[in-house]
Amino acid sequence: MNPLDLLRPPYEAIAAAAWIFAALVTVAVGAPYALWVCAVCFTLFMLRTHSFIKIVKFRLSISTSYLLAWSRPELDLLGKMGYEKNAVAIGIGYEWMGKHTALADALNSMEDNGLYYDINRLPKPLYSMFVPNGSVKAEEPRGYPWIAGLDENHIPALLSKATAGGHVIVPGTTGAGKTTLYKFLIPQLCQDPAATVVLIDPKNDKNLKAYMRESAQRAGKRFIALDLANLSDSIRFDPSKNWNTRAEFASRNTQNLASEGGGDSFVQFAWLTTDRIAAGLLYLGKKPSTRLIQQYIQRGVNDLLHGCLEKYLAVLLGANWENLLVPHLQTVKGEVDRLAGMVRCYEAESVKQGKFNEAIDGLMSTYRHDKEHYSKMILNYLPLLQMLASDEMGPIFSPDYDDITDKREIWDSFQVCDQNVALYIGTNSMSNKTVGSAVASMILGDFAATAGYIYNYRTPKPIYMILDESSEMVNNELIQILNKGRGAGFRVFFATQTFADFEARMGNKSKALQLLGNGNSVISFRLKDMTTASWVSDLFDETIVKRINTSVSQGTESEAHALEFRGSISRSEQRERLQRVPPYLLTNLPDCQFFASIGGKKIMGRVPIIN
């Protein structure tokens with residue numbers, strides 16, 4: 001049967017009734033060879049009935065509107081099957097072929113005209129054939145309910161872990177099903193004892209946090225939470241623990257300025273100042289932290305420069321350096337300006353001996369900078385640092401390793417990846433978007449450094465990162481994770497509502513496209529932005545759809561007999577290229593339904609709600 005025949009009225013019902021009636025009449029009148037005639041009639045009756053049932057089942061299937069619901073044991077069973085196949089299930093669905101595109105195109109251009117049936121009027125045994133037991137009725141059905149019903153053969157949709165290594169983009173508007181997907185994925189990912197699972201949640205969804213905790217405990221995996229909405233019950237996290245170069249540390253602390261409205265010159269000045277302070281701290285053997293950076297930017301670098309000069313002059317001039325300093329000291333307003341004298345001594349002796357110190361030279365430039373201009377240049381940077389280094393936030397992100405009174409554990413990205421834990425990070429961006437975005441960016445920077453270390457020196461293990469509303473935390477470090485993290489075992493699911501969010505965050509379209517180009521797979525829920533829908537649609541390529549146009553004409557001649565007439569039927573076949581998944585399908589998906597492009601396969605599916 002041509003797939004498009006499923007959309008016409010089931011005329012086979014009349015033919016089937018006629019054939020069974022003919023069989024009964026043949027038996028009733030005792031016609032010759034009645035048994036043979038009855039057998040032929042019954043065979044034709046069965047053929048017509050089969051076609052009739054196929055059309056009716058299809059019409060009932062496209063008339064359903066429900067949310068698939070599963071229990072945890074059902075999900076655990078599917079997760080076990082996926083684990084054995086080195087894959088993870090993303091839902092239940094079918095492979096989207098050209099015939100489905102043709103059916104969708106025809107349905108989209110048709111009016112109702114009795115096409116859909118009221119499935120609620122079916123007897124319960126028949127109703128359960130089309131609506132699985134335990135399913136939830138959609139209170140406010142959205143989109144086209146017939147999309148999932150275009151094929152009756154629904155099987156688990158599996159994402160192989162090798163394919164997941166190419167990272168997965170998850171676009172979808174609010175309430176379309178992204179969180180449902182996370183809840184479907186997390187228990188499966190936690191079942192892998194060698195895997196690390198990291199979820200960054202800007203919304204601080206309490207239910208999602210509790211769900212992840214319970215999923216980790218069921219799988220025997222350690223659960224930890226960095227929760228900015230509940231700091232007393234949060235771990236401490238050191239995002240400055242792992243970095244490869246000093247420049248990387250400075251970039252990590254200033255990268256959020258550009259996205260929050262800082263101009264290039266302000267960002268560069270903040271970066272340079274941070275780098276100079278970090279260099280001074282490292283020279284003194286101290287570990288740079290956001291809190292120390294904030295203190296020296298706010299109070300000035302005098303004390304830090306003083307400490308660096310004391311150490312350097314003692315090495316340069318020997319134990320007698322204090323006596324050699326005396327000629328350089330001057331009295332200002334009745335007081336000896338010791339720091340200014342040390343600066344002059346350093347300059348004189350360094351030139352004389354040809355020995356200079358990079359950290360001190362940088363701090364001296366900041367020390368001599370015009371104070372008014374300095375205040376203007378750090379105007380955007382200082383509030384961000386103050387929020388991250390406040391009395392509440394400071395101990396979280398600049399933890400004191402020697403403070404035995406603070407019982408909260410201290411973690412960093414390397415520990416998280418090394419110990420295969422499940423980490424929930426709630427950035428509480430709804431309360432303070434600036435801080436939430438900065439925290440997420442810094443943490444991703446720390447994970448990027450860890451990815452580099454694992455790639456170079458360790459055997460990779462699977463590290464799954466789920467980034468909700470990822471446009472709020474996008475930075476160059478995330479691009480590095482997506483670019484090169486696969487070799488370190490990183491597999492990233494990053495969600496967004498529109499791709500314009502990435503462009504706004506990154507500052508230009510080319511950077512946004514660079515980010516999107518790192519997602520080899522896509523799981524798209526309902527979209528509202530047509531630009532995003534068109535971009536996703538292009539990922540599904542094109543297919544050839546066959547169209548058959550039929551025209552009928554009839555009439556009579558003026559000289560013809562009253563019963564004479566003429567007629568003609570013509571059919572023409574056209575083959576047309578269409579988008580395999582047109583944008584109108586993406587913008588009209590019901591809740592918890594998706595289109596996915598995974599490893600060359602195009603899948604239409606549902607994500608079950610987990611009870």
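Please read these numbers as outputs of a predicted model, since none were measured by experiment.
- Looking only at atom types and distance, the side chain of Asn420 has no donor-acceptor partner in the side chain of Lys221 under 3.5 Å away.
- Formation of a donor-acceptor pair under 3.5 Å by the Gln294 side chain with backbone atoms of Leu385 is not found in this model.
- Minimum interatomic distance between Leu226 and Ile396 (heavy atoms only, all atoms of both residues): CD1-CG2, 3.8 Å.
- More than 12 heavy atoms of other residues, nucleotides or ligands sit less than 6.0 Å from atom CG of Leu282.
- The local environment of CD in Glu358 is sparse, with at most 12 non-hydrogen atoms from other residues, nucleotides or ligands closer than 6.0 Å.
- Side-chain N/O atoms of Ser251 and Arg246 include no donor and acceptor closer than 3.5 Å.
- For the residue pair Phe540 and Ala596, the shortest heavy atom distance occurs at CE2-O, 3.4 Å.
- Screening Arg526, Lys528, Gln497, Glu469 for a side-chain hydrogen bond (donor to acceptor under 3.5 Å, both in side chains) involving Thr174 leaves a single residue, Gln497.
- Without hydrogens or angle criteria, Thr163 side chain to Leu159 main chain gives no donor-acceptor distance under 3.5 Å.
- For Ser437 and Glu472, the side-chain atoms include no donor-acceptor pair closer than 3.5 Å.
- In this structure a side-chain-to-backbone donor-acceptor pair under 3.5 Å is missing from Asn588 to Gly143.
- In this structure, Lys601 contributes its side chain and Trp96 its backbone to no donor-acceptor pair below 3.5 Å.
- Here Lys509 does not pair with Glu503 in a salt bridge; the nearest charged N to carboxylate O distance is not below 4.0 Å.
- Ring-centre distance between Tyr381 and Phe266: not below the 6.0 Å cut-off.
- When side chains are defined from C-beta on, Met81 counts as touching Pro156, because their heavy atoms get closer than 4.5 Å.
- Side chain of Lys461 to backbone of Asp418: a donor-acceptor contact under 3.5 angstrom is found.
- For the residue pair Thr498/Asp529, the side-chain donor-acceptor check at 3.5 Å is not satisfied.
- Here the side chains of Cys592 and Arg606 are not in contact, with every heavy-atom distance at 4.5 Å or above.
- Remark: aromatic rings of His167 and Phe493 are distant, center separation not under 6.0 Å.
- In this structure, Asp227 pairs ionically with Lys209, as a charged nitrogen and a carboxylate oxygen lie closer than 4.0 Å.
- Here the two rings, on Trp535 and Phe499, have centers that are under 6.0 Å apart.
- Residues Asp468 and Lys203 are paired through a salt bridge, judged by an N-O separation under 4.0 Å between the basic side chain and the carboxylate.
- Salt-bridge annotation for Arg580 and Asp541: absent, with no side-chain N of the basic residue lying under 4.0 Å from a carboxylate O of the acidic one.
- Checked by atom type and distance alone, the side chain of Arg505 pairs as donor or acceptor with a backbone atom of Val474 at under 3.5 Å.
- You'll find the side chain of Phe269 reaches within 4.5 Å of the side chain of His369, heavy atoms only.
- Here the side chain of Arg236 pairs a donor or acceptor atom with the backbone of Arg408 at under 3.5 angstrom.
- Put simply, the side chain of Val88 does not reach to within 4.5 Å of the side chain of Asp192, judged on heavy atoms.
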